Amino acid sequence: MPADAPTTVPMATSSAAPAGLQQGQTELLLIRHAPALTEGRMAGRRDVAADCSDALAFAALRGAVGAVDHCLISPALRCVQTAATLWPEGERRQVSRLWEQDFGAWEDVAFADLPDLGTLSGAELAAHQPPGGESFLALCARVTPALQEAVALGGKVVIVAHAGVIRAALGLALGAPELGLVFQVAPLSLTTIIALPGGIFSIVGVNRMRR
């Protein structure tokens, strides 16, 4: 299936703003995929499956999200599987710009063997580019147009993607990409951002998950 092609969670059909939203607002519901089966090795662009066996977590997340107007997903297998488990029926549009950060030479390297970047400042970390890969700032530059297009859809928009993509959305909302890096984003967590007219954002909740 080509990227960015239609591939509908229950869709609202009214032209009025959904309950809780004012006209002209968009609610972005950002979901990180289920736990990735990485075997303890880096997987950004490496296409690994997800563990979708936690039925209670999926049910809780499905109930928290409710009916939405649009569903956008990363083409990564782990995101496709997560979205299909959440909503077995319905239309989901794959968007290639929602892929995780490309870690280049670090892909498939054991986590224990990765370089320690703990001494870098937030700005330095955001600008740091793995050999042959892309920096977090490059990811933000790639993801931001996709997020802006999602905002333009209006209503409730669910995005099933990666930790890097969700941090990019938080950096966009906060006005500085590197600020997105301070957030933890767990598998199957929900982050909610309201987009207001004029390019203003309100962060409703971050990293919410079933306890």
Side-chain angles (χ1 to χ4, degrees), residues 3-4 6-34 58 60-76 78-80 82-83 86-87 90-101 136 139-209:
D4 296 1
T7 78
T8 273
V9 293
M11 296 295 179
T13 57
S14 171
S15 60
L21 287 179
Q22 298 180 12
Q23 205 70 33
Q25 296 182 354
T26 302
E27 183 176 17
L28 297 178
L29 300 128
L30 300 124
I31 296 171
R32 187 183 177 192
H33 56 75
F58 273 94
L61 182 55
R62 189 182 303 113
V65 171
V68 301
D69 300 292
H70 307 277
C71 181
L72 311 177
I73 67 174
S74 162
R78 52 198 184 269
C79 297
V80 173
T82 299
L86 281 167
W87 303 287
E91 180 181 331
R92 297 174 285 275
R93 182 159 64 90
Q94 294 187 13
V95 180
S96 61
R97 286 172 295 182
L98 295 178
W99 259 104
E100 180 58 289
Q101 183 175 345
F136 179 71
L139 174 143
C140 291
R142 166 168 56 81
V143 167
T144 295
L147 295 173
Q148 292 170 334
E149 290 174 10
V151 168
L153 292 172
K156 290 180 65 176
V157 181
V158 66
I159 296 175
V160 181
H162 310 269
V165 171
I166 296 170
R167 291 184 177 115
L170 289 165
L172 177 64
L174 292 168
E178 65 272 15
L179 296 182
L181 291 172
V182 306
F183 292 94
Q184 292 187 3
V185 183
L188 284 182
S189 65
L190 173 63
T191 293
T192 306
I193 300 173
I194 303 293
L196 309 171
I200 300 171
F201 296 91
S202 175
I203 299 173
V204 178
V206 178
N207 198 37
R208 293 179 173 178
M209 69 192 90

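Throughout, residue positions are numbered sequentially from 1 according to the sequence presented. Because the structure is a prediction, the values reported are computed rather than measured.
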Checking T191 side chain against N207 main chain: does a donor-acceptor pair fall under 3.5 Å? yes
Of all the heavy-atom pairs spanning F136 and G164, show the shortest one and how long it is. CE1-O, 3.6 Å
Residue pair R97 / P145: nearest heavy atoms and the distance that separates them: NH1-CB, 3.5 Å
State which residues pass side-chain contact (heavy atoms from CB on, under 4.5 Å) with I203; sequence neighbours excluded, sorted by chain then number. L170, A173, L174, I193, V206
Is there a side-chain contact between C71 and R93 in this structure, where contact means two heavy atoms from C-beta onward sitting under 4.5 Å apart? no
Under the side-chain contact (heavy atoms from CB on, under 4.5 Å) rule, collect the residues that match up with A150, sequence neighbours excluded. L28, L72, V157, I159
Rounded distance (nearest 0.5 Å) linking atom OG of S189 with atom CD1 of I166: 5.5 Å
Between G154 and T26, what is the shortest heavy-atom contact and its length? CA-OG1, 3.2 Å
Indicate yes or no: at least one non-hydrogen side-chain atom of F58 is less than 4.5 angstrom from one of T82. yes
Could you tell me if the side chain of W87 sits less than 4.5 Å from the side chain of V158, heavy atoms only? yes
List the atom of P187, the atom of A34, and the distance in Å for their closest heavy-atom pair. CB-C, 3.9 Å
Using a 4.5 Å cut-off on heavy atoms from C-beta on, say whether the side chain of V151 contacts that of F201. yes
Report yes if the side chains of R32 and L188 come closer than 4.5 Å at any heavy-atom pair, otherwise no. no
K156 versus Q25: any side-chain heavy-atom pair under 4.5 Å? no
Atom CZ in R208, atom CG in L29: separation rounded to 0.5 Å? 10.5 Å
Can you give me the closest heavy-atom contact between V160 and A83, atom names plus distance? CG2-CB, 4.2 Å
Can you name the side chain to side chain donor-acceptor pair (under 3.5 Å) partners of Q148, sequence neighbours left out? none
Residues 61-68 side chain polar contacts: donor-acceptor under 3.5 Å, at least two apart:
from, atom 1, to, atom 2, distance (Å)
R62, NE, L86, O, 2.6
R62, NH2, T85, O, 3.1

List in chain and number order the residues that pass side chain to side chain donor-acceptor pair (under 3.5 Å) with S74, two or more places apart in sequence or in another chain; answer none if no residue qualifies. H162
What pairs with I200 under side-chain contact (heavy atoms from CB on, under 4.5 Å), at least two apart in sequence or on another chain? L196
Distance from L21 atom CG to I194 atom CD1, nearest 0.5 Å? 5.0 Å
When you compare the side chain of I73 with that of V80, does any pair of heavy atoms fall below 4.5 Å? yes
Quick check: closest heavy atoms across P75 and S96, and the distance to 0.1 Å? CG-CA, 3.8 Å
Separation of Q101 CD from R167 CZ (nearest 0.5 Å): 10.0 Å
